[in-house]
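Everything below concerns the one structure shown next.
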Amino acid sequence: MTGAKAAQILDALETAHPEAECALRYKDAFQLVVATILSAQCTDVRVNLVTPALFSRYPTPQALAEAQTSELEQMIRSTGFFRSKAKSLIGCARALVTDQRGQVPRTIAAMVSLPGVGRKTANVVLGHAYGIAEGIAVDTHVLRVGNRLGLTHGDDPIEVEKQLMALVPQARWTRTTDLLIFHGRKICDARRPACGRCPLFSVCAWKTKQAFATETR
């Protein structure tokens with residue numbers, strides 16, 4: 001895959017999905033950290049149902065750092081893995097208060113030092129809350145769509161991120177995540193991709209695409 005071919009694919013995705021954006025609802029970097037931690041193994045729709053009450057109850061890192069675990073668990077129970085997530089949220093909030101003066105940091109190195117925050121979460125927050133592109137957030141949609149389109153190969157998020165960073169100009173890193181995720185949700189489904197209406201069908205490298213050529217969902 002060349003940089004020019006990658007640009008062609010991203011341009012086509014921009015045309016097809018101009019509305020693509022981060023689906024999580026947030027007002028600041030702290031809220032986005034919380035929402036992204038909750039989104040693990042959970043839909044953004046479900047997270048968006050839970051966060052309004054959560055943000056009202058715990059509006060700041062200080063408030064969340066002092067949360068009662070049992071109360072927090074009940075508030076986020078419907079997002080799944082609620083015990084682990086509650087531990088991560090409280091740990092993250094405490095680290096923000098004690099180590100970051102209550103502010104969400106602006107580098108990946110500082111972000112990933114927070115409990116519950118990995119590279120994907122760090123990239124999502126830096127890119128969308130701060131407009132800082134240090135990397136590319138890679139989730140299951142980015143892995144699947146990137147591999148099918150021929151932009152990347154492999155199932156290791158770190159390696160796929162490196163491949164995308166080498167292929168795509170830094171100015172497009174955050175947008176690349178949004179476009180690939182949106183395309184994965186709307187058209188390039190894991191089990192039943194709508195190849196019959198995919199704007200990238202002619203350039204897609206996926207060997208199985210012809211089997212779904214009449215699928216439009």
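Any value given below was found using the heavy atoms of this structure, including those in side chains, with hydrogens, waters and symmetry copies removed.
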Is there a side-chain contact between [X] and [Y], using heavy atoms and a 4.5 Å cut-off?
{"X": "R83", "Y": "T69", "result": "no"}
{"X": "C188", "Y": "R148", "result": "yes"}
{"X": "K120", "Y": "V142", "result": "no"}
{"X": "P199", "Y": "T15", "result": "no"}
{"X": "Q8", "Y": "D11", "result": "no"}

Nearest heavy-atom neighbours spanning [X] and [Y]:
{"X": "I108", "Y": "E134", "value": "N-OE2, 3.0 Å"}
{"X": "F212", "Y": "R192", "value": "CE2-CA, 4.4 Å"}
{"X": "F30", "Y": "L96", "value": "CD1-CD1, 4.0 Å"}
{"X": "S78", "Y": "V50", "value": "OG-CG2, 3.4 Å"}
{"X": "V47", "Y": "S39", "value": "CG2-CA, 3.7 Å"}
{"X": "L151", "Y": "L180", "value": "CD1-CD2, 4.1 Å"}

Using modelled atom types and a 3.5 Å cut-off, is there a donor and acceptor pairing between side-chain atoms of [X] and backbone atoms of [Y]?
{"X": "W173", "Y": "V168", "value": "yes"}
{"X": "S56", "Y": "A53", "value": "no"}
{"X": "K209", "Y": "C195", "value": "no"}
{"X": "K85", "Y": "I37", "value": "no"}
{"X": "T51", "Y": "A35", "value": "no"}
{"X": "R106", "Y": "Y130", "value": "no"}
{"X": "T152", "Y": "N147", "value": "yes"}
{"X": "E73", "Y": "A86", "value": "no"}
{"X": "R119", "Y": "I158", "value": "no"}
{"X": "R175", "Y": "A20", "value": "yes"}

Atom [atom1] of [X]: over 12 foreign heavy atoms under 6.0 Å:
{"X": "Q68", "atom1": "CD", "answer": "no"}
{"X": "Q103", "atom1": "CD", "answer": "no"}
{"X": "R185", "atom1": "CZ", "answer": "yes"}
{"X": "Q170", "atom1": "CD", "answer": "yes"}
{"X": "D156", "atom1": "CG", "answer": "yes"}

Practice item. Go through the steps for V124 and D139 under the test side chain to side chain contact (heavy atoms under 4.5 Å, CB included), then give the verdict. Key: CA-CA 10 Å; V124 168; D139 70 352; over 6 Å; no

In this structure, would [X] and [Y] fall into the same cluster of hydrophobic residues linked by side-chain contacts under 4.5 Å?
{"X": "L32", "Y": "I76", "answer": "yes"}
{"X": "V125", "Y": "I181", "answer": "no"}
{"X": "L143", "Y": "M1", "answer": "yes"}
{"X": "I132", "Y": "L114", "answer": "yes"}
{"X": "L10", "Y": "V160", "answer": "yes"}

How long is the span from the [atom1] atom in [X] to the [atom2] atom in [Y], to the nearest 0.5 Å?
{"X": "R144", "Y": "H183", "atom1": "CZ", "atom2": "NE2", "answer": "9.5 Å"}
{"X": "T176", "Y": "I9", "atom1": "OG1", "atom2": "CD1", "answer": "11.0 Å"}
{"X": "Y26", "Y": "N48", "atom1": "OH", "atom2": "CG", "answer": "11.5 Å"}
{"X": "R172", "Y": "L167", "atom1": "CZ", "atom2": "CG", "answer": "11.0 Å"}
{"X": "D99", "Y": "R94", "atom1": "CG", "atom2": "CZ", "answer": "12.5 Å"}
{"X": "R197", "Y": "E215", "atom1": "CZ", "atom2": "CD", "answer": "9.5 Å"}

Check your understanding: Step by step, would you call D178 with H128 a side chain to side chain donor-acceptor pair (under 3.5 Å)?
Key -> CA-CA 10 Å; D178 290 344; H128 291 91; 2.9 Å; yes

Exercise for review: Run the numbers on Y58 and L72 for side chain to side chain contact (heavy atoms under 4.5 Å, CB included), then give the verdict.
Suggested key: CA-CA 9 Å; Y58 308 110; L72 179 58; 3.9 Å; yes

Exercise for review: Evaluate the criterion side chain to side chain donor-acceptor pair (under 3.5 Å) for residue pair E159 and Q163; output intermediate values, then yes/no.
Suggested key: CA-CA 6 Å; E159 288 304 313; Q163 292 168 28; 5.1 Å; no

**Study point:** Verdict with supporting geometry, K27 and F55, side chain to side chain contact (heavy atoms under 4.5 Å, CB included)
**Key:** CA-CA 10 Å; K27 293 182 179 178; F55 295 154; over 6 Å; no

Exercise for review: Might you work through the side chain to side chain contact (heavy atoms under 4.5 Å, CB included) test for L38 and L89, ending with a clear yes or no?
Suggested key: CA-CA 9 Å; L38 290 177; L89 289 174; 3.8 Å; yes

